[in-house]
Amino acid sequence: MTPRTAEVVICGAGIAGIAAAYHLTRQGITDVVLVDERAPLSLTSDKSTECYRNLWPGPGDAMVAAMNRSIDLLEEQARESGNIFRMNRRGYLFASADPASIPRFIKSAHEAAALGSGPARVHDTNASDYHPAPADGLENQPVGIDVITDRTLIRRHFPYLADDTVALFHGRRCGWFSGQQLGMHMLERARDKGVRLVSGRVEKITTTGGRVSGVTVNGTTLATPRVVNAAGPFLGAVGRMLGVDIPVYCEQHAKIAFADTLGAMPREAPLLIWIDPVRIAWTDEERSALASSRPDLLEEIPTGAHGRPEGAGDSPIVLLLWTYHLESVEPTFPMAFDPAYAELTIRGMARMVPAFARYADRFPRAVVDGGYYTKTRENRFLAGPLPVEGAFVCGGLGGYGLMASNVAGELVASHVTGRSLPPYASAFTLARYDDPAYRALLERWGESGQL
Ligand SMILES: Cc1cc2nc3c(=O)[nH]c(=O)nc-3n(C[C@H](O)[C@H](O)[C@H](O)COP(=O)(O)OP(=O)(O)OC[C@H]3O[C@@H](n4cnc5c(N)ncnc54)[C@H](O)[C@@H]3O)c2cc1C
């Protein structure tokens, strides 16, 4: 039965809504109703690669500060739960075969250090003291970045990478975890404290005298003074129920999962990311067949594929992603994917890890899934009040919503409860767009930080 009143109603039980509910309870508000028309975490939040990193570009250090806070909270939850969501610290390993990447990686490492990601260490001799990451566990690991430019050292630690790899950038406060387990952990803790999960569609948000007074779910109205819009790709649609324009758009992103029966990717590998443009190694026969059907695939593709091993113990599963087309789209479900996506992604990954080329004779059966990155134009999330009293937003989390869920949820909860806010909070409010200086900055914004 739908409850009749609540102190806060949250629309959306993806990772953003669940984190908001969890952090509200940590800040003393337990009369919370979490509404979703689907099963919790089932729209976008279970489609993620589940990785995290404290490497984010400027301007300013807000994104790194926020992500460091989110990772602090993840580590705290991992420790108190006996690491139920299997968080590791394997790192993100960016690789390149372009000698020009050597100074670029060193420069980026120093910039990252200046933004708060941790110290930069450059390993340019075979004898350099580089510590590889353990496959499991979080404790006593370095932070910051190791840049490796000595090819013997590269081959010693990463013999499976392409022979012509000349530079590695290993981000260390990075890794992955089970997003589903993290989400369920936070949901269960929140429900233990009194949060009620209601199945249904938020159809309407009512305001009285300019402030939120009710939320209608499947024809029944709950009286509430506060609503949190955590509707993921439908953030804009739920914003319109309040008459508020939420400036986000969606991009489709896919990934594949398959059993790596040939053992192309070592089970202890970190997240592997090739940064150079890739031209797929088609045979002459394939090339002439593609010339008429898919000429786009014969071009050089500006980004590389990335991927990681998935699962503990004897799991042979590998996850791979390659975003070779990117445009803003309307979110529609069920999603449709390029029928060639799985094969292309394996071929793309073969540039970085040549053993994947062995699948060219017979491609494995792969599960393709994905979701939408819901993004603001500068790829910084929204966690804070909306311009209707009692209304808040928690979303626009792009391709990093699992890792940022804790900080986004905590920020929204702090706005609701009136707690003091950290210095980075203003970087994530909708009101940032009202500032002329910020709008001017947007016009010359650099990198978005998206992989
Ligand atoms: C391929 C891929 C790889 C990714 N990799 C990573 C990664 O490595 N690390 C990382 O941190 N993130 C990653 N992400 C991003 C991450 O998955 C998202 O940022 C995150 O899941 C967004 O969570 P959300 O709660 O905002 O949205 P969602 O999970 O979509 O949840 C929104 C919920 O709102 C509900 N809803 C909407 N409208 C209504 C309504 N009117 N009434 C009731 N319910 C409603 C929906 O049913 C849904 O359950 C990846 C995403 C994709 C697609």
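One-based numbering, in listed order, for ligands and for the atoms of each.
The distance between the ring centers of Trp274 and Phe94 does not fall below 6.0 angstrom. Separation of the His170 and Tyr92 ring centroids does not fall under the 6.0 Å cut-off. In this structure, Phe258 has its ring center under 6.0 Å from that of Tyr359.
Side-chain contact annotation: Gln27 with Thr417, donor-acceptor N/O pair under 3.5 Å present. Inspection of the His23 and Asn406 side chains reveals an N or O donor paired with an N or O acceptor under 3.5 Å. For the residue pair Asp136 / Asn88, no side-chain donor-acceptor distance below 3.5 Å is found, with atom types taken as modelled.
Side chain of Asn83 to main chain of Met87: a donor-acceptor pair is present (N/O by atom type, distance under 3.5 Å, no hydrogens or angles). A donor-acceptor pair is defined here as one N or O able to donate and one able to accept, closer than 3.5 Å; such a pair exists between the side chain of Thr376 and the backbone of Asn379. Not one N or O on the side chain of Arg226 forms a donor-acceptor pair closer than 3.5 Å with the backbone of Gly390.
Between Cys11 and ligand 1 there is a heavy-atom distance shorter than 4.0 Å. Under a 4.0 angstrom heavy-atom cut-off, Ser405 registers as lying outside contact with ligand 1. Heavy atoms of Tyr373 come nearer than 4.0 angstrom to ligand 1 in at least one pair.
When hydrogens are left out, the protein atom nearest atom 7 (C) of ligand 1 is Ser48 OG, 3.3 Å; that is the closest non-hydrogen contact. Atom 2 (C) of ligand 1 has its closest protein heavy atom at Lys47 O, 3.6 Å. Nearest non-hydrogen protein atom to atom 45 (C) of ligand 1 is Glu37 OE2, 3.8 Å. Considering only non-hydrogen protein atoms, atom 48 (C) of ligand 1 sits nearest to Asp36 OD2, 3.3 Å. Regarding atom 27 (O) of ligand 1, its nearest protein heavy-atom neighbour is Gly232 CA, 3.4 Å. Shortest contact from atom 41 (N) of ligand 1 to any protein heavy atom: Val202 O, 3.1 Å.
Proximity of Cys394 to ligand 1, defined as any heavy-atom pair under 4.0 Å, is not found for any part of the residue. When non-hydrogen atoms are compared, ligand 1 lies under 4.0 Å from neither the backbone nor the side chain of Glu203. Residue-level proximity to ligand 1 for Tyr52 is absent, since no heavy atom of it falls below 4.0 angstrom.
In summary, the atoms of ligand 1 found under 4.0 Å from a heavy atom of Phe234, numbered by their order in the structure, are 37 (C), 38 (N). Within the listing of ligand 1, atoms 46 (C), 47 (O) sit less than 4.0 angstrom from a heavy atom of Arg38. Heavy-atom proximity to Tyr400, at under 4.0 Å, picks out these atoms of ligand 1: 10 (C), 11 (O), 12 (N), 15 (C). Near Gly371, with a cut-off below 4.0 Å to any heavy atom, the atoms of ligand 1 are 53 (C). Listed by number with element, the atoms of ligand 1 under 4.0 Å from a non-hydrogen atom of Gly399 are 6 (C), 7 (C), 9 (N), 10 (C), 12 (N), 13 (C), 14 (N), 15 (C). The atoms of ligand 1 that sit less than 4.0 Å from any heavy atom of Cys51 are 7 (C), 8 (O), 9 (N), 10 (C), 11 (O). Here is the list of ligand 1 atoms found below 4.0 Å of a heavy atom in Gly12: 33 (C), 34 (O), 35 (C). Near Gly14, the atoms of ligand 1 lying under 4.0 angstrom from a non-hydrogen atom of the residue are 25 (O), 29 (O), 31 (O), 33 (C).
By the 3.5 Å distance cut-off applied to N or O atoms, Thr44 is counted among the residues near ligand 1. Between Ser45 and ligand 1, an N or O atom pair is found at a separation short of 3.5 Å. Taking any N or O of His253, backbone or side chain, none lies under 3.5 Å from an N or O belonging to ligand 1. Between Gly398 and ligand 1, a contact under 3.5 Å exists for at least one N or O pair. At under 3.5 Å, a nitrogen or oxygen of Glu50, whether backbone or side chain, sits near a nitrogen or oxygen of ligand 1. Ligand 1 has no N or O atom lying under 3.5 Å from any N or O atom of Ala39, backbone or side chain. Polar contact check, Met241 against ligand 1: no nitrogen or oxygen pair lies under 3.5 Å apart. Between Gly401 and ligand 1, at least one pair of N/O atoms sits closer than 3.5 Å. The distance criterion of under 3.5 Å between nitrogen or oxygen atoms is met by Thr49 with respect to ligand 1.
Contacts of Asp192 classified as side-chain hydrogen bond (donor to acceptor under 3.5 Å, both in side chains), with partners at least two apart in sequence or in another chain: Arg189.
Looking only at side-chain heavy atoms (C-beta outward), Val329 and Glu251 stay at 4.5 Å or farther from each other.
Here atom 24 (P) of ligand 1 lies nearest to Ala16 when heavy atoms of Ala16, Gly409, Gly179, Pro331 are compared.
Between Tyr372 and Phe333, the ring-plane angle classifies as perpendicular under the 30° and 60° cut-offs.
We find that Arg294 and Glu299 are not joined by a salt bridge, their nearest charged nitrogen and carboxylate oxygen being 4.0 Å or further apart. At a threshold of 4.0 Å, the pair Lys193-Asp31 does not count as salt-bridged, since none of the basic side-chain nitrogens sits closer than that to a carboxylate oxygen.
Taking CD1 of Ile256 as the reference point, atom OH of Tyr341 lies at 7.0 Å (rounded to 0.5 Å).
When each of Val35, Val202, Val32, Asp36 is tested with Ile10 by the rule side chain to side chain contact (heavy atoms under 4.5 Å, CB included), just one qualifies, namely Val32.
Counting only residues at least two apart or on different chains, no ring-ring contact (aromatic ring centres under 6.0 Å, His included) pair has a member in residues 181-227.
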